[in-house]
Amino acid sequence: MVGRANRPPTLTSTPGLPPTASVTFSDDHSLVSAVLPTGESVSVLLHGATVLSWKDASGTEKLWLSTASALDGTKPVRGGIPLVFPFFGPPPPGLSLPQHGFARSARWEFLGKSTSESAGGVGVVDLSAKLDFGLSSAGLDAATREAWPFAFNLIYTVTLDRGSLTTSLVVSNDDEARPFDCQVLMHTYLRVADIAQTEITGLDGASYVDKVDGAATKTQSAAVTIAGETDRVYTPMASGAQVAVVEGGKKTFSVARDNLANVVVWNPWADKAKGMADFEPKDGYKNMLCVEPGAVSGWQTLEPGDAFEGAQTITYYS
Ligand SMILES: O=P(O)(O)OC[C@H]1O[C@@H](O)[C@H](O)[C@@H](O)[C@@H]1O
């Protein structure tokens, strides 16, 4: 069973905002959404606990989502923020499970919502919305449980603040006797205006594995630009600058990581996009950039009773 996280009581009015200002939540048993009084919104599909949409106060979408993506759980979502667990990439030898594991296609449970307030500036109080989702071994289908027979519990929290989105995953080993190894990753598809004018800063000096060059290990110098199929697993230096997306010379996103040592940078480019049935429009690769915080270059070994927590906060600048 998944547990309910402790959370502050839901507030319906906040000093600094009109007495009627409150977060609007909706849940149709497939999609859970929250809208802040200031207009920012987030929507999460229970299939995969996939964040499908994140909009700013003016209604501008911050995430890329394929128009051909399956949203009924038959395939992982192509866009938004799919969650990768318990492994990244193809399954380890002997494991009969799909690429990137089962978390992004399993149906999660919506555990609850809450509202909290934070100081937004002198005399201003902002509201933020928190959505909690859970998935445990008991929630998997029989074939998946057989393929990965560990008692685990995942709690995924999506927090919408004015100007930022935080996604946080806690993995616990609820098995009484056996440890398990796992990897986690948040496969964020950021929406960009023009990939040719986009670069990623904050990775200068970081080593990376270049998956489109025979998994060669390289060192990044200067900003990352994308001019063809790109698939890299970066290990940013602990002392490095924060990872940011810069479009036309202007910072549009920053991506802060908590306890996630890697950043995968992926863009399929034209040919690979053509080969993916669920990737539409075919030239959509020009408007997306995956910047994926994760813990994937090694394995997290969780002993019975142990937990691992990792999070990302994406901030946008307009
Ligand atoms: O097609 P999928 O399974 O969603 O994966 C998309 C991409 O996800 C990235 O994270 C991987 O590094 C790529 O190798 C992979 O192609």
Side-chain angles (χ1 to χ4, degrees), residues 45 47-52 63-92 95-106 144 147-148 167 169 182-192 195 198 200 203 206-218 220 224 226 228-236 243 245 255 257 260-282 284-299 310 312 314:
L45 190 71
H47 286 297
T50 310
V51 178
L52 282 192
L63 301 175
W64 186 86
L65 176 64
S66 164
T67 55
S69 186
L71 300 179
D72 59 0
T74 51
K75 283 189 77 178
V77 175
R78 175 69 64 204
I81 312 181
L83 260 180
V84 170
F85 173 89
F87 54 83
F88 169 71
L95 263 193
S96 171
L97 284 170
Q99 152 129 322
H100 291 339
F102 50 73
R104 64 177 178 161
S105 32
T144 307
W148 211 74
T167 66
L169 182 68
C182 65
Q183 297 175 323
V184 305
L185 176 128
M186 296 165 187
H187 200 303
T188 311
Y189 288 72
L190 296 174
R191 176 173 281 279
V192 298
I195 194 70
T198 303
I200 303 171
L203 292 172
S207 78
Y208 66 94
V209 173
D210 192 345
K211 290 170 76 176
V212 298
D213 186 14
T217 299
K218 302 178 179 176
Q220 181 66 35
V224 181
I226 315 282
E229 184 188 352
T230 304
D231 192 357
R232 302 175 179 178
V233 182
Y234 282 91
T235 304
V243 173
V245 173
V255 181
R257 291 164 294 115
L260 296 174
N262 304 116
V263 176
V264 174
V265 174
W266 181 65
N267 183 298
W269 212 251
D271 285 352
K272 198 129 191 215
K274 241 180 254 160
M276 286 189 276
D278 64 351
F279 195 104
E280 288 286 353
K282 287 300 172 207
Y285 71 91
K286 294 177 182 166
N287 302 116
M288 49 89 38
L289 176 60
C290 285
V291 178
E292 313 163 23
V296 298
S297 55
W299 293 90
Q312 66 169 349
I314 316 165

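Every number for a ligand or one of its atoms is a count from 1 in the order of the listing.
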When rounded to the nearest 0.5 angstrom, what is the spacing between CG in L190 and CD1 in I200?
->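 If I round to the nearest 0.5 Å, the distance is 8.5 Å.
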
Please confirm whether Y285 and W64 have ring centers closer than 6.0 angstrom.
->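 Not close enough - the centres of the two rings lie 6.0 Å or further apart.
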
Is the centre of the F88 ring less than 6.0 Å from the centre of the H100 ring?
->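 Yes.
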
Check ligand 1 for N or O atoms under 3.5 Å from a protein N or O and list each pair with its distance.
from: ligand 1; atom 1: 1 (O); to: R78; atom 2: NH1; distance (Å): 3.2
from: ligand 1; atom 1: 1 (O); to: R78; atom 2: NH2; distance (Å): 3.0
from: ligand 1; atom 1: 3 (O); to: Q99; atom 2: NE2; distance (Å): 3.0
from: ligand 1; atom 1: 3 (O); to: R104; atom 2: NH2; distance (Å): 2.9
from: ligand 1; atom 1: 4 (O); to: R78; atom 2: NH1; distance (Å): 3.0
from: ligand 1; atom 1: 4 (O); to: R104; atom 2: NH1; distance (Å): 2.9
from: ligand 1; atom 1: 5 (O); to: Q99; atom 2: NE2; distance (Å): 3.4
from: ligand 1; atom 1: 5 (O); to: H100; atom 2: NE2; distance (Å): 3.4
from: ligand 1; atom 1: 8 (O); to: H100; atom 2: NE2; distance (Å): 3.1
from: ligand 1; atom 1: 8 (O); to: H187; atom 2: NE2; distance (Å): 2.8
from: ligand 1; atom 1: 10 (O); to: H187; atom 2: NE2; distance (Å): 3.1
from: ligand 1; atom 1: 10 (O); to: E292; atom 2: OE1; distance (Å): 2.7
from: ligand 1; atom 1: 10 (O); to: E292; atom 2: OE2; distance (Å): 3.3
from: ligand 1; atom 1: 12 (O); to: K211; atom 2: NZ; distance (Å): 3.0
from: ligand 1; atom 1: 12 (O); to: D231; atom 2: OD1; distance (Å): 2.6
from: ligand 1; atom 1: 14 (O); to: K211; atom 2: NZ; distance (Å): 3.2
from: ligand 1; atom 1: 14 (O); to: D231; atom 2: OD2; distance (Å): 2.5

Report the residues that fulfil salt bridge (charged side-chain N to carboxylate O under 4.0 Å, His left out) with D213, sequence neighbours left out, ordered by chain and then residue number.
->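 By the salt bridge (charged side-chain N to carboxylate O under 4.0 Å, His left out) rule, D213 matches K218.
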
Check: S66/D278 side-chain N/O donor and acceptor closer than 3.5 Å =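 Per modelled atom types, S66 and D278 side chains form no pair under 3.5 Å.
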
Does the Q183 side chain pair with the main chain of G298, one donor and one acceptor, at a distance under 3.5 Å?
->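 Side chain of Q183 to backbone of G298: a pair is present.
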
